[in-house]
Undergrad: 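Provided herewith is a single structure, encoded as structure tokens, for subsequent inquiry.
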Amino acid sequence: MGSETTVQLRQAMTLIEKASLMSGANFWNTKPIERLGVPSIMLTDGPHGLRKQGGAADHLGLNASIPATCFPTAATLANSWDAALVERVGTALGAEAAAERVSVLLGPGLNIKRNPLAGRSFEYFSEDPLLSGTLAAAMIRGIQSRGVAASAKHFAVNSQETHRMSIDEIVDERALHELYLEGFRIAITQGDAWTVMSSYNKVNGTYANENRELLADILRARWGFGGLVVTDWGGNNDRVAGLVAGNALEMPSTDGVTDREIVAAVEAGTLDEAVLDARVDELLSLIEHTAPRDDAPAADHDLHHQHAIEAARRSIVLASNRGGMLPLGSSAGRIAVIGDFAETPRYQGAGSSLVNPTRVDAPLDALTAVDLDVIGFEPGFRRRDAASRRLRTRALRLASQADTVLLFLGLDESAEAEAVDRTHMRLARNQLDLTREVIALGKRVVVVLAGGAPVELPFADDVDAVVLGYLGGQGLGPALADVLTGRANPGGKLAETYPLRYEDVPNAASFALTQATSEHRESIYLGYRYYDKVGAPVRYPFGHGLSYTTFAYSDLVADARSARVIVTNTGLIAGDEVVQVYVEAPDAAAGQVRAPRELAGFAKVHLEPGASATVEIALAEHTFHVYDTGIHDWRIVPGEYTVLAGASSRDIREQVPVSIAGEPLVLGGSANYVTGHVERVDATEFEALLGRVLPPADWPTDRPLTRDDIIAQTKGRGGFASVLHGLIEGTSRLLMALGRPHASNNVRFVFDLPFRSVERMSNGGVDAAMVDGLLLMVNGRFWRGIRRTVSAWWAHRSRPESKAQRTRPKSED
Ligand code: BGC
């Protein structure tokens with residue numbers, strides 16, 4: 001809804017001007033209308049640091065951006081369970097954006113972590129929607145407190161990178177609302193985000209960006225969202241359908257192609273101009289709220305670096321600590337620091353979130369600066385699993401001279417990135433081999449792990465301590481040193497379950513397949529909801545994290561709205577405890593389609609030794625509800641619930657019954673949904689849950705490729721199609737072999753582009769006729785395609801507007 005000024009502005013615009021506002025001027029800016037004084041605003045990444053590119057623009061982190069503070073990524077921050085901390089990080093992000101005249105920061109990312117192999121897990125908060133939504137809301141409030149719009153992304157069900165621009169996420173209504181939308185609902189309603197970014201994928205057959213149910217019925221009508229929806233970059237399919245569903249801004253520039261489609265639709269009467277007007281009002285009101293201010297203070301990068309250290313410190317998870325091995329004291333004796341990640345840390349993921357940090361403090365430097373007897377450092381292994389007997393031998397020699405080994409392991413840069421999912425959940429073989437040999441020396445071993453998502457830890461029971469640093473941002477070095485030495489007492493708790501083995505993940509067999517659809521057969525049973533339902537052992541449960549002190553819980557009382565419990569620090573040093581409240585469904589939901597327990601609230605408290613606090617926790621709005629597919633809405637399920645307070649989902653300390661009244665509802669279902677053994681659900685059982693027949697999972701091979709098909713579909717088609725596929729595959733492999741994993745992943749990203757995006761993402765370099773020529777080539781009519789492409793290219797080149805495009809000054813990008 002526009003203000004009086006924006007409505008007047010819009011009324012003064014021509015149809016062409018209004019349509020022109022609906023797509024970018026270039027990669028990062030909206031179009032100005034100089035005649036009316038409408039400025040251009042800049043949108044840029046996000047989410048854990050500003051990525052403002054001064055020179056050549058791209059959305060995959062290829063070209064450098066101006067230096068900015070790299071905070072811990074969302075997967076890391078989530079382990080703090082600390083909304084106030086996340087809000088402070090958001091405020092600093094907003095301040096850096098405002099100082100750089102950026103109006104929209106593209107974050108937070110809050111998709112639900114459906115599978116540990118998902119390539120962007122490091123950018124998302126949790127497997128739990130309450131935790132995700134609460135922290136995302138805090139980050140949004142922080143960013144927007146500086147007059148910069150946040151963008152809650154990627155709405156919705158963007159659960160994998162594989163074929164992310166075309167994949168059809170098939171998900172049942174209950175799981176959609178209870179898991180995939182609930183975090184967004186909380187973030188939008190509690191954080192009041194001014195913008196939302198629609199995701200690339202389809203949801204139940206319709207592109208998210210054209211999905212009226214998602215964008216109009218749910219986001220706006222139900223949740224009261226009054227802001228602007230922007231596409232993900234290149235994530236527009238049918239421009240007019242997107243506009244009608246509620247998308248106002250397509251990014252990046254399409255060289256005016258889709259603006260002309262809007263004008264044509266209005267003129268033909270197929271698009272009501274009032275729809276366009278509503279979208280224009282949304283954009284004008286965003287511009288009005290976020291236009292850069294000349295008085296925005298310069299960012300204080302030194303102060304923000306301190307914030308980054310604090311954020312990392314408060315997010316570190318002490319996963320195990322046998323015999324109180326940590327913190328390292330004088331009994332640690334001579335310490336060997338081993339592992340490449342100590343010297344060259346991994347502190348962020350790759351892709352559009354790649355920040356050019358103002359500085360990076362490595363753990364090795366921080367450890368040698370404190371009062372420890374560090375006798376040396378050896379990298380021990382090479383990145384990307386490259387073999388090196390020499391590095392291993394040297395590391396073992398150093399380890400044999402030490403009493404304690406600090407072993408820095410992790411996922412390397414090639415493993416975790418936007419646009420690619422991991423293919424397995426293991427650490428590199430060279431790291432596993434080294435770890436085994438270090439353990440065999442019989443020394444005390446502390447493993448410090450880097451990475452934005454769980455990995456299998458087969459050695460976990462054979463080492464003395466495991467510290468999960470996740471991706472700690474540019475301040476991770478001092479943060480880790482503080483925790484290892486006890487200058488800081490760790491208080492982080494896992495925001496996701498660490499499974500024992502990948503095979504234990506409920507959707508392990510069906511995740512990220514090379515096909516047209518991704519079937520969420522596991523429905524509501526994700527993460528701890530699944531492991532608890534089937535009673536599966538896990539490496540570390542959701543919510544787990546140790547401290548150097550101990551806490552006792554007592555006197556829990558609860559009703560339908562809140563829980564109150566007394567927490568006492570029973571140890572000798574001050575510490576933080578994340579008090580978690582779960583609610584157990586009646587009879588722990590045996591015999592029903594329901595998770596046995598769900599997170600209902602949490603709070604973080606700081607307690608001096610011996611001190612107690614009464615912690616009051618409001619229960620989440622939907623604590624006693626399920627999404628009832630009969631009425632398409634949330635409703636209370638009555639019964640005798642148990643409210644639990646504990647230190648993790650599997651470390652429950654106190655419990656009290658709470659009786660909830662209401663109309664009875666039996667959550668029945670087929671066998672595997674009742675037992676929770678969703679790994680056994682077949683197509684027929686899933687179809688019964690969905691209430692419809694599944695669309696074909698495989699890509700059609702019996703017809704020519706069209707603009708809507710993706711480049712990966714050239715595989716196995718023979719002729720030029722196979723040559724093109726081989727070329728992309730070969731280039732990606734070559735770059736990986738040359739030690740350029742980011743570039744390699746970015747080449748691989750091309751596979752997932754629909755043919756239509758070649759035009760849309762070329763910033764005016766390629767037009768639709770040239771894409772049609774390319775399609776002829778891959779569809780077996782090579783020479784005809786070549787001729788069509790060349791003549792289209794020539795015609796395109798001669799058009800005056802493309803010349804203007806090509807000669808536009810660089811600084812506009
Ligand atoms: C990513 C978004 C990002 C955008 C702009 C896309 O590829 O999915 O998260 O904000 O690029 O860089």
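Since the structure is predicted, the reported quantities are computational estimates derived from the model, not experimental observations. Counting starts at 1 for both ligands and their atoms, in listed order.
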Undergrad: Measuring from non-hydrogen atoms of F27 to any atom of ligand 1, is the shortest distance under 4.0 Å?
TA: no

Undergrad: Can you name the salt bridge (Lys or Arg N to Asp or Glu O under 4.0 Å) partners of D752, sequence neighbours left out?
TA: none

Undergrad: Considering the heavy atoms of M197, write down every atom of ligand 1 situated less than 4.0 Å from one of them.
TA: 10 (O)

Undergrad: Find all atoms of ligand 1 within a distance of less than 4.0 Å from any non-hydrogen atom belonging to W28, and give their numbers and elements.
TA: 5 (C), 12 (O)

Undergrad: Evaluate D232 for polar contact with ligand 1, using N/O atom pairs at a separation under 3.5 Å.
TA: yes

Undergrad: Looking at E96 and R146, is any side-chain nitrogen of the basic one under 4.0 Å from a carboxylate oxygen of the acidic one?
TA: no

Undergrad: Answer side chain, backbone, both or neither: which part of R120 comes under 4.0 Å from ligand 1, heavy atoms only.
TA: side chain

Undergrad: Between R748 and E729, is there a side-chain N and carboxylate O pair less than 4.0 Å apart?
TA: yes

Undergrad: Run the numbers for me: atoms of ligand 1, each under 4.0 Å from some heavy atom of L106, listed by number.
TA: 10 (O)

Undergrad: Find all atoms of ligand 1 within a distance of less than 4.0 Å from any non-hydrogen atom belonging to R51, and give their numbers and elements.
TA: 12 (O)

Undergrad: Does at least one non-hydrogen atom of M251 fall below 4.0 angstrom from an atom of ligand 1?
TA: no

Undergrad: E123 to ligand 1: N or O pair under 3.5 Å?
TA: no

Undergrad: Is a salt bridge present between E416 and R422, judged by a nitrogen-to-oxygen distance below 4.0 Å?
TA: no

Undergrad: Does the structure place the NZ or CZ of K113 under 6.0 Å from the centre of the six-membered ring of Y124, at an angle of no more than 45° from the ring's axis?
TA: no

Undergrad: Look at E250 together with R239 and state whether they make a salt bridge at an N to O cut-off of under 4.0 Å.
TA: yes

Undergrad: So for ligand 1, is K153 a polar contact partner (N or O within less than 3.5 Å, distance only)?
TA: yes

Undergrad: Would you kindly specify which portion of R164 sits under 4.0 Å from ligand 1, judged on non-hydrogen atoms: side chain, backbone, both or neither?
TA: side chain

Undergrad: Can you list everything that forms a side chain to side chain contact (heavy atoms under 4.5 Å, CB included) with S65? Sequence neighbours excluded, please.
TA: R51, Q53, N356

Undergrad: For residues E123 and T73, is any side-chain donor paired with an opposing acceptor at under 3.5 Å?
TA: no

